[in-house]
Amino acid sequence: MSAIEIIRTDDADTIMDIPVVVVGGGGTGLCAALAVRDAGIDVLVVERDRQPLGTTSMSTGLIPAAGSAIQRAAGVEDTPELFASDIVGKTKGQVDSELVTHLAEASAATIDWLAGKHKLGLSLVEGFTYPGHSVRRMHGMPSRSGGELMGALSSACEDAGVDIFTESTVDKLYVNKDDRIIAVGCTRPDGSEDTIGCEALILACCGFAGNQDMVSELIPELEHATFHGHPGNKGHAIAWGRDLGAAMADLSSYQGHAGLAAGYGIPILWPLIAEGGVQVNRAGKRFANEASGYSEQAVEVLQQEGHVAWSIYDAARHEIMEQFDDYQQAKSAGCLITANTLEELAEKAGIDAAGLVETVEETWGLVDSEERDQFGRSFA
């Protein structure tokens, strides 16, 4: 991680002073900046890349919300209470209930604000329900890609008058005697530095998944996971917070993904699992309840030989996946393996054929019987 510095001072030599500075130009940072600007307050986003991208651009860009106008138009009945209940259930109660309630209650208004006031072309994801959700509530751009979402957010910021400093990395915080941040220091690629005064600072510089030391310390079960995120995802905000004595919680929480195509860095998204696909190890055997979620399954995959698994699915699941831009990229990259028989598929994939055949037969048997398997999963 690049050096960070906290400077104690009651006065900073600034090139400009602005009410609100946002560190990080991903989805969180740009949405925060739009909200500030809509309130009539000047705001500046400081982003290390040449254009605002962040980890959001590497995702599907899907946003869950309960009770949005888009949901109602599609005939989907949903409430913040149901959304909050789903979150509590998915996290097994290990969550801040007050924060969850606020998040659920604000979700629909946020989608309506982005789609209405800022003209983002959001629509409801159809055809399946995401793990843990009681109803369809995932909203996304037409291509279901975070890159398209970031492009739309960047255009909205430009139209709203949000200023964005690109190719500028924040590496200094100026803090006065009252422990208030009064300015940030930024470094450009040529080594030049700028100091920008602010009345409030929003840290939207993501997490720490790209900092192996922090991952080993805080999330040891993911020590062998492949990092798939923005290169700036180094834990700067965590380090600043620690140095400033800020209160912290839930640092062991994470979003993993058990569908990242090994060697390609392309997410093979979870609808294929939610709609009946399975994962097997080198022996062709299932090893967990895949439908519990892609974060939960990621840990299970890491415990398999070689820290890898194979997602096995059929043409019906393939057709569902065709709507996702990431899946189209996977097809183009050649990381999908297809075959006319299970034996041929096993040979191409390098997994045990007898194990795979037995696993698929068992799975179809569970579909027919509607019984739960040894891991508690239902294929009904």
Side-chain angles (χ1 to χ4, degrees), residues 27-28 31 55-56 59-115 120 122-141 144 146 149 207 219 249-259 267-279 288-300 317 320-321 323-324 326 370 372-373 375-380:
T28 299
C31 285
T55 301
T56 302
S59 73
T60 57
L62 300 183
I63 311 168
S68 71
I70 294 171
Q71 271 183 310
R72 294 196 300 272
V76 176
E77 296 184 8
D78 197 7
T79 65
E81 292 76 18
L82 181 59
F83 188 12
S85 175
D86 285 346
I87 294 174
V88 171
K90 186 70 163 63
T91 58
K92 300 178 176 61
Q94 299 179 37
V95 70
D96 183 330
S97 59
E98 184 177 347
L99 180 63
V100 167
T101 298
H102 177 74
L103 176 73
E105 290 177 345
S107 62
T110 301
I111 290 294
D112 294 347
W113 166 68
L114 289 173
L120 268 68
L122 298 170
S123 62
L124 196 64
V125 175
E126 302 282 1
F128 59 92
T129 303
Y130 265 73
H133 294 284
S134 296
V135 299
R136 289 175 287 119
R137 60 167 69 103
M138 301 300 277
H139 301 71
M141 298 298 288
R144 308 306 190 218
L149 175 64
I219 319 176
D250 299 323
L251 294 186
S252 62
S253 301
Y254 59 88
Q255 180 179 6
H257 206 300
I268 308 298
L269 306 176
W270 221 236
L272 71 86
I273 297 294
E275 289 299 304
V278 297
Q279 284 195 327
N289 179 359
E290 307 93 335
S292 63
Y294 44 79
S295 282
E296 292 88 340
Q297 186 71 0
V299 178
E300 301 288 348
R317 263 41 63 176
I320 290 173
M321 298 301 295
Q323 66 181 295
F324 293 98
D326 282 334
E370 299 190 1
R372 291 186 178 273
D373 64 15
F375 309 112
R377 180 176 178 182
S378 169
F379 288 88

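Residue numbers count from 1 along this sequence.
Here the side chains of Leu82 and Glu77 are not in contact, with every heavy-atom distance at 4.5 Å or above. Taking 4.5 Å as the limit, some side-chain heavy atom of Phe83 sits within range of a side-chain heavy atom of His133. Between Gln71 and His139 the shortest side-chain heavy-atom distance falls below 4.5 Å. The closest side-chain heavy-atom distance from Met138 to Arg144 is not below 4.5 Å. In this structure the side chain of Asp86 reaches within 4.5 angstrom of the side chain of Arg137, judged on heavy atoms. In this structure, Leu103 and Ile87 have side chains that are in contact, with non-hydrogen atoms separated by less than 4.5 Å. Proximity of Leu269 to Met321: side-chain heavy atoms (C-beta onward) are separated by under 4.5 Å at one or more points. By the 4.5 Å heavy-atom criterion applied to side chains, Gln279 and Glu300 are not counted as neighbours.
In this structure, Tyr130 and Phe128 have tilted ring planes: the angle between them lies in the 30° to 60° band. Between His257 and Tyr294, the ring-plane angle classifies as parallel under the 30° and 60° cut-offs.
For Ser295 (side chain) and Gly256 (main-chain N/O), a donor-acceptor pair under 3.5 Å exists by modelled atom type. Between the side chain of Arg72 and the backbone N or O of Gly67 there is at least one donor-acceptor pair closer than 3.5 Å. Between the side chain of Asp96 and the backbone N or O of Leu99 there is at least one donor-acceptor pair closer than 3.5 Å. Remark: the backbone N or O of Ser97 is paired with a side-chain donor or acceptor of Thr101 at under 3.5 angstrom. Between the side chain of Lys90 and the backbone N or O of Ser292, at least one donor-acceptor pair lies under 3.5 Å.
Scanning both residues, Thr56 and Gly27, for their nearest heavy atoms gives OG1-N, 3.0 Å. Taking all atoms of both residues into account, the shortest heavy-atom contact from Arg377 to Ala291 is NE-CB, 3.6 Å. Between Ile111 and Ala65 the shortest heavy-atom distance is CG1-CB, 3.4 Å. Nearest heavy-atom pair, Ala298 versus Ala258, reported as atom, atom and distance to 0.1 Å: N-CB, 3.5 Å. For the pair Ile70 and Leu124, the tightest heavy-atom approach, listed with the atom from each and the gap, is CG2-N, 3.6 Å. Shortest non-hydrogen contact noted between Gly259 and Trp270 is N-CZ3, 3.9 Å.
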Margin query: Let's go through Glu290 and Val278 carefully: what are the C-alpha distance in whole Å and the side-chain angles of both, what is the deciding distance for side-chain contact (heavy atoms from CB on, under 4.5 Å) to 0.1 Å, and is it a yes or a no?
Written below: CA-CA 7 Å; Glu290 307 93 335; Val278 297; 3.5 Å; yes
Next item on the list: Given side-chain contact (heavy atoms from CB on, under 4.5 Å), test Val88 with Val95 step by step and report yes or no.
Entry: CA-CA 7 Å; Val88 171; Val95 70; 4.1 Å; yes
Check: side-chain contact (heavy atoms from CB on, under 4.5 Å) between Glu296 and Asn289: does it pass, once the steps are laid out?
Finding: CA-CA 9 Å; Glu296 292 88 340; Asn289 179 359; over 6 Å; no
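Within the model, atoms CG of Leu114 and SG of Cys31 stand 5.0 Å from one another, a figure rounded to the nearest 0.5 Å. Taken to the nearest 0.5 Å, the CG atom of Asp78 stands 8.0 Å off from the OG atom of Ser134. Annotation: the span from Arg372 atom CZ to Phe379 atom CZ amounts to 11.0 Å, rounded to 0.5 Å. The line from OG1 of Thr60 to CG of Leu149 is 9.0 Å long, rounded to the nearest 0.5 Å.
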